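I have placed the structure first, in the form of structure tokens, so that the comments after it can refer back to it.
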Amino acid sequence: LAQSASPSPNEEAELAQLYNQGMAEFSGGDYNRAAADLESMLNKAEFTPQLEPAFFTVGSAWFDAGNYSKAITAFKAYQAKFPNGPHGGDVGFGLGQAYLLGKNYSEASGAFAALEKDPRFRDQALFYGATASKEGGHADEAISKLERLAGNDFSSPIAVRGAMLLAQLYSQKGESTKTIALIGKLHSRIAMVDNIVDLNSTTVALGDQLFQKKAY
């Protein structure tokens, strides 16, 4: 079999320039240009494992530029090329976020579910997976994820955010007893709540709901 020709010194210099330029543009916040230059480099270069950072950065650049469809394509390309790559978890999380922000809630839920067993991403995966389920009209699925996230102890800020969302969902389903218990727990740990306005809004909404039911 004929082997592919090695790149000439000029071609190697061009690829190196595109790589360095793209990485510098990404660091400088010029995400569209960074993604375009790195994609140009990847299209011209013969694939090697050493290109892993470039594949990851292309997806990150498109994501930060707000082009979620291109970010999804790039992240999926990374997963195909590097199924056990060092940025695999970050790519999976970025993929889920891109689906969520692009309002593809079923794909977002699936992407986050794949990260739930990874302790580095578990809490975030449960929270954003629940958000995707809620936005996709699957309230019970969202509640199940948030109950696992909140647990018996609010061990992280995102667990507190999950508990607040869970209280809202309980309230919407008329689960007054569960909502009251959760709201009370949140108020008892008010120092961990980063959005007091949301908590107060949920508390007032619960009060109105109970008043309408004459549960004085």
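Count residues from 1 along the sequence. Note that the structure is predicted; figures quoted are calculated from it, not measured.
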Checklist entry - Any sub-3.5 Å donor-acceptor pair from S27's side-chain atoms to M23's backbone N or O? => result yes
Checklist outcome for this item: Closest non-hydrogen atoms of A163 and L182, given as atom of the first, atom of the second and distance, are O-CD2, 3.3 Å
Next on the checklist: Using a 3.5 Å distance criterion without hydrogens, assess whether the side chain of S144 forms a donor-acceptor pair with backbone atoms of D140.
Outcome noted: no
Checklist outcome for this item: Nearest heavy-atom contact between K145 and A113 is NZ-CB, 4.5 Å
Checklist entry - Between S40 (side chain) and A36 (backbone), is there a donor-acceptor pair under 3.5 Å? => result no
Checklist entry - Checking ring pair (Phe, Tyr, Trp, His ring centres under 6.0 Å) for the pair F82/F47: CA distance, chi angles, key distance, verdict? => result CA-CA 11 Å; F82 306 97; F47 174 77; 5.6 Å; yes
Checklist entry - Can you tell me how far the NE2 atom of H138 sits from the OG atom of S109, to the nearest 0.5 Å? => result 8.0 Å
Next on the checklist: Could you go through Q21 and M41, starting from their C-alpha distance and side-chain angles, then the distance that decides it, and tell me whether this counts as side chain to side chain contact (heavy atoms under 4.5 Å, CB included)?
Outcome noted: CA-CA 10 Å; Q21 188 171 298; M41 185 274 294; over 6 Å; no
Item to check | Sole candidate of L166, V160, L165, L126 that passes side chain to side chain contact (heavy atoms under 4.5 Å, CB included) when paired with L149 | outcome: L126
Item to check | Y105 side chain reached by T131 side chain, heavy atoms, under 4.5 Å | outcome: no
Checklist entry - Can you find a pair of side-chain heavy atoms, one from K173 and one from K178, that are under 4.5 Å apart? => result no
Next on the checklist: A side-chain contact here means heavy atoms from C-beta on lying under 4.5 Å apart; do F121 and Y128 qualify?
Outcome noted: no
Item to check | Q17 atom CD: more than 12 heavy-atom contacts under 6.0 Å | outcome: no
Checklist entry - What class does the angle between the rings of H87 and F56 fall in, given that below 30° is parallel, 30 to 60° is tilted and above 60° is perpendicular? => result parallel
Next on the checklist: side chain to side chain contact (heavy atoms under 4.5 Å, CB included) for Q79 and L95? Distances and angles first, verdict last.
Outcome noted: CA-CA 10 Å; Q79 290 179 327; L95 187 60; 3.6 Å; yes
Checklist entry - For A132 and A108, which heavy atoms make the closest approach, and how far apart are they? => result CB-CB, 3.9 Å
Checklist entry - In terms of heavy-atom contacts, does CZ of R122 have more than 12 from other residues, nucleotides or ligands at under 6.0 Å? => result yes
Checklist entry - Could you give all pairs that pass the ring-ring contact (aromatic ring centres under 6.0 Å, His included) test and reach residues 180-214, with sequence neighbours left out? => result F211-Y216
Item to check | Y68 side chain near W62 side chain, heavy-atom distance below 4.5 Å | outcome: no
Checklist entry - Going by heavy atoms in the side chains, are F63 and L101 under 4.5 Å from each other? => result yes
Checklist entry - Of all residues at least two apart in sequence or in a different chain, which pass the salt bridge (charged side-chain N to carboxylate O under 4.0 Å, His left out) check with E39? => result none
Item to check | Within-4.5 Å side-chain heavy-atom neighbours: Q172 and L169 | outcome: yes
Item to check | Derivation of the side chain to side chain contact (heavy atoms under 4.5 Å, CB included) call for Y78 and E52 | outcome: CA-CA 8 Å; Y78 179 98; E52 186 270 345; 2.5 Å; yes
Checklist outcome for this item: To the nearest 0.5 Å, atom CD1 of I143 lies from atom CZ of R148 at 14.0 Å
Item to check | Side-chain heavy atoms of L18 within contact of L38, under 4.5 Å | outcome: no
Checklist entry - Any side-chain heavy atom of E147 sitting closer than 4.5 Å to one from Y170? => result yes
